[in-house]
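Hydrogens, waters and symmetry mates are skipped; everything else that's a heavy atom, side chains included, is used.
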Amino acid sequence: MSISGPAPERLSTAAERESALELYRAALWRQIDAHRPRGVTMRGTAMIRFRLTPDGALIESAVSRTSGLIQLDKIALRSVRQAAPFPRAPTGIADTQLTFEIPINFR
């Protein structure tokens, strides 16, 4: 995914950075959700932790809390990996803030 337009401005306040980070998390979730397979009949929630570069490349991903079903854990992890690369992080967001943990629910 590429975003064109003028160069982003630097985020000056902590509140602006936090707001930008929340919007970025929401965009990441939408992209991952789009890669989640439909029709999975097993139930459970896997927590996936992943880390990105500022340009949106996936550095690492792992199951941080199992769903209790190895198949669901693998599907959740694959969903994150297939969603990569992600959009570029907002300017001014520190690299240390580019580690995320999300629940992937199967119902």
Side-chain angles (χ1 to χ4, degrees):
M1 173 184 280
S2 103
I3 300 173
S4 61
E9 294 180 27
R10 262 217 180 280
L11 303 172
S12 58
T13 69
E16 288 174 330
R17 285 189 298 273
E18 189 58 35
S19 177
L21 190 56
E22 286 303 316
L23 290 172
Y24 186 59
R25 277 188 191 116
L28 297 178
W29 170 245
R30 284 190 303 273
Q31 190 161 326
I32 292 166
D33 190 48
H35 287 85
R36 211 166 47 110
R38 305 300 181 231
V40 175
T41 57
M42 297 173 281
R43 293 174 173 257
T45 300
M47 290 294 288
I48 304 296
R49 181 180 303 241
F50 61 99
R51 188 164 58 109
L52 304 177
T53 64
D55 69 350
L58 183 65
I59 297 172
E60 63 185 349
S61 59
V63 175
S64 59
R65 191 179 77 220
T66 182
S67 66
L69 299 168
I70 191 82
Q71 284 295 103
L72 281 185
D73 294 348
K74 287 180 179 181
I75 292 168
L77 196 53
R78 188 172 56 236
S79 297
V80 171
R81 290 176 178 164
Q82 288 178 340
F86 294 95
R88 175 176 289 283
T91 303
I93 300 301
D95 290 358
T96 57
Q97 293 177 293
L98 295 176
T99 298
F100 302 92
E101 187 171 58
I102 61 163
I104 300 185
N105 301 305
F106 297 93
R107 299 182 183 169

Side chain E22, main chain S19, donor-acceptor under 3.5 Å: no
Verdict with reasoning, Q31 to F86, per side chain to side chain contact (heavy atoms under 4.5 Å, CB included): CA-CA 8 Å; Q31 190 161 326; F86 294 95; 3.8 Å; yes
R30 bridged to D33 by N-O distance under 4.0 Å: no
Nearest heavy-atom neighbours spanning S79 and P37: OG-CD, 3.5 Å
Stepwise side chain to side chain contact (heavy atoms under 4.5 Å, CB included) test for L52 and L28: CA-CA 11 Å; L52 304 177; L28 297 178; 3.9 Å; yes
CD1-CZ distance between I59 and R51, expressed to the nearest 0.5 angstrom: 4.0 Å
Atom CZ of R43 with >12 non-hydrogen neighbours under 6.0 angstrom: no
Close side-chain approach of T53 and L98, heavy atoms under 4.5 Å: no
Main-chain N/O of L77 paired with Q82 side-chain donor or acceptor, under 3.5 Å: no
Step-by-step side chain to side chain contact (heavy atoms under 4.5 Å, CB included) determination, R25 to L21: CA-CA 6 Å; R25 277 188 191 116; L21 190 56; 3.6 Å; yes
From CD1 (I93) to CD (E16), nearest 0.5 Å: 10.5 Å
Smallest separation among heavy atoms of T45 and P103, with atom names: CG2-CB, 3.8 Å
R36 (side chain) donor-acceptor with N105 (main chain) under 3.5 angstrom: yes
Distance (rounded to the nearest 0.5 Å) between F50 CZ and R81 CZ: 12.0 Å
Student check: side-chain heavy atoms of I104 and L72 closer than 4.5 Å: no
Flag, side chain of S64 to backbone of M47, donor-acceptor distance under 3.5 Å: yes
I70 reachable from V80 in the ILVMFWY side-chain graph, under 4.5 Å edges: no
Presence of salt bridge, D73 and R78, under 4.0 angstrom: no
Atom pair OG1 (T99) and CG (D95), whose distance is rounded to the nearest 0.5 Å: 9.0 Å
Stepwise side chain to side chain contact (heavy atoms under 4.5 Å, CB included) check, R49 with F100: CA-CA 6 Å; R49 181 180 303 241; F100 302 92; over 6 Å; no
Heavy-atom pair with the smallest gap, counting every atom of I32 and A83: CA-CB, 3.8 Å
Residue pair A46 / A76: nearest heavy atoms and the distance that separates them: CB-CB, 3.8 Å
Minimal non-hydrogen separation, M42 against F106, with atom names: O-CB, 3.6 Å
Backbone N/O of A94 and side chain of Q97: donor-acceptor pair under 3.5 Å: yes
Closest non-hydrogen atom pair, P87 against Y24: O-OH, 2.7 Å
